[in-house]
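In what follows, a single structure is set out as structure tokens and then discussed.
Worth saying up front: this structure is predicted, and the values here are computed from it rather than measured.
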Amino acid sequence: MTSRRRATTTAALTCGAALLAGPACTGAAAAEDPDGGEGDLANKSAQQISDDALHQLVAAKSLRLRTQTSADPTKLDLTLDRAGNCTGAISKGALGRVELVKRGNQVWMKPDAAFWKSQLPGNEGTEAAAKYKNTFLHGTTKNAFLHNLSTACDLTAFQKTAVPPEEPPSGAPSSPATPTLTKGRPTTHEGTRVLPVVKKAQGAVQTLYVAIDGKHYPLKLTAEVDHQTGTILLSDYDTPVSTKTPAPGDTADISVLEERLRGSQNA
């Protein structure tokens with residue numbers, strides 16, 4: 001796969017909030033009941049359903065975000081809000097997993113043993129993993145490592161990816177083809193009735209699962225492109241992020257990680 005094609009694949013799998021943003025043709029699946037199990041979405045086009053779900057997403061004050069893609073081992077499971085507060089975990093596969101708490105500009109991360117062993121060589125990683133087991137490393141967003149780690153906590157930035165782009169700049173190439181949105185058959189996602197809205201464009205298949213009952217929240221987004229898949233799960237809309245932070249006795253300063261990293265580089 002060329003680097004350009006790989007970049008396209010990664011973008012399609014990870015920018016899930018924008019999966020169905022923008023104009024499109026619409027279609028609808030046939031139904032046997034009066035509303036086909038679609039509730040009040042029955043009389044709406046696929047584009048109208050997508051637009052409504054987009055509105056619910058960008059209006060959310062907080063939510064739980066879970067992501068994974070076959071193109072990258074990174075997985076997120078974070079509850080985050082517009083103020084940048086969050087709790088949850090970030091996993092990098094074999095490189096380890098960290099629990100993350102961010103409140104204001106204060107950040108706590110609790111690495112697992114795999115993280116320490118991936119960052120530090122040999123016995124040094126094993127020793128650090130044992131010494132700092134169940135310990136949160138604490139600092140602020142002024143610390144470069146914690147700043148980069150906690151960018152995932154920015155709900156506002158995530159919501160901005162859901163906003164359709166403005167008119168393309170003068171002279172910019174136009175889209176080669178207008179994508180088509182269609183309604184699928186009602187199904188369930190984690191116990192909630194949802195209606196799939198499917199978009200096909202340029203070899204990619206992207207599906208948005210919208211709650212049928214109550215507010216029409218987008219609950220699941222999937223993408224398939226270049227034999228790779230990506231999934232974003234959205235839940236717990238407007239549930240406040242926990243204000244609980246690690247106790248001082250369960251923390252160590254982030255400098256312990258930085259000092260060990262410097263020591264291993266100088267060794």
Side-chain angles (χ1 to χ4, degrees), residues 1-22 24 50 53-54 56-58 60 62-80 84 86-100 102 109 111-112 114-115 118-119 145 147-165 179 181 184 187-190 192 194-211 217-237:
M1 185 187 298
T2 66
S3 59
R4 182 177 179 182
R5 188 63 169 164
R6 186 180 300 110
T8 301
T9 301
T10 302
L13 293 173
T14 58
C15 66
L19 286 179
L20 301 176
S50 174
L54 174 65
Q56 296 296 342
L57 174 59
V58 299
S62 60
L63 53 78
R64 182 184 180 192
L65 169 68
R66 288 172 283 169
T67 72
Q68 67 176 27
T69 169
S70 61
D72 186 284
T74 302
K75 294 182 181 180
L76 303 182
D77 185 352
L78 298 170
T79 298
L80 58 162
C86 79
T87 62
I90 299 176
S91 173
K92 294 286 288 184
L95 297 180
R97 176 181 181 274
V98 297
E99 292 183 30
L100 181 63
K102 180 175 179 289
M109 59 170 281
D112 67 0
F115 172 90
S118 71
Q119 298 296 311
F145 185 90
H147 173 79
N148 291 335
L149 184 68
S150 62
T151 54
C153 296
D154 192 345
L155 175 59
T156 300
F158 178 74
Q159 290 170 319
K160 285 181 180 178
T161 69
V163 179
L181 266 65
T187 184
T188 58
H189 165 66
E190 297 184 337
T192 298
V194 291
L195 183 67
V197 177
V198 182
K199 172 182 174 181
K200 297 181 179 181
Q202 297 179 295
V205 179
Q206 304 168 337
T207 307
L208 174 68
Y209 295 82
V210 180
Y217 290 122
L219 299 181
K220 180 179 179 181
L221 306 99
T222 65
E224 297 180 21
V225 59
D226 285 345
H227 307 291
Q228 301 284 356
T229 61
T231 301
I232 294 177
L233 303 181
L234 302 165
S235 59
D236 300 337
Y237 282 84

In this structure, which one of Leu234, Val197, Leu233 forms a side chain to side chain contact (heavy atoms under 4.5 Å, CB included) with Leu221?
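With Leu221 as partner, side chain to side chain contact (heavy atoms under 4.5 Å, CB included) holds for just one option, Leu234.
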
Return the [atom1] to [atom2] distance between [X] and [Y], rounded to the nearest 0.5 Å.
X: Ile90; Y: Leu149; atom1: CD1; atom2: CG; answer: 4.5 Å
X: Asp154; Y: Lys160; atom1: CG; atom2: NZ; answer: 7.5 Å
X: Arg66; Y: Ile232; atom1: CZ; atom2: CD1; answer: 12.0 Å
X: Leu80; Y: Thr156; atom1: CG; atom2: OG1; answer: 9.0 Å
X: Lys92; Y: Lys75; atom1: NZ; atom2: NZ; answer: 13.0 Å
X: Ser50; Y: Leu208; atom1: OG; atom2: CG; answer: 6.0 Å

Glu190/Arg64 ion pair, N-O < 4.0 Å
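Judged by the 4.0 Å cut-off on N to carboxylate O distance, Glu190 and Arg64 do not form a salt bridge.
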
Work out which heavy atom in [X] is nearest to a heavy atom in [Y]; give both atom names and the distance.
X: Phe145; Y: Met109; result: CE2-SD, 3.4 Å
X: Val98; Y: Pro111; result: CG1-CA, 3.7 Å
X: Gln159; Y: Val58; result: NE2-O, 3.4 Å
X: Ala114; Y: Ala94; result: CB-O, 4.1 Å
X: Ala211; Y: Thr192; result: CB-CG2, 4.5 Å
X: Cys153; Y: Leu100; result: SG-CD2, 3.7 Å

pair Leu78-Phe158: side-chain heavy atoms closer than 4.5 Å:
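SC-SC contact between Leu78 and Phe158 ruled out.
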
Is any side-chain heavy atom of Leu57 closer than 4.5 Å to one of Leu63?
yes

Quick one: do Val194 and Thr187 satisfy side-chain contact (heavy atoms from CB on, under 4.5 Å)? Show the steps, please.
CA-CA 5 Å; Val194 291; Thr187 184; 3.6 Å; yes

Under the 3.5 angstrom rule, does the side chain of Gln56 hit a backbone N or O of Val210 as a donor-acceptor pair?
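No.
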
For Thr69 and Thr229, indicate whether the former's side chain and the latter's backbone hold a donor-acceptor pair under 3.5 Å.
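Yes: the side chain of Thr69 pairs with the backbone of Thr229.
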
Within the 3.5 Å criterion, strictly below it, is a donor on Gln228 or Ser70 matched to an acceptor on the partner's side chain?
yes

Ring geometry between Tyr217 and Tyr237 (parallel below 30°, tilted from 30 to 60°, perpendicular above 60°)
parallel

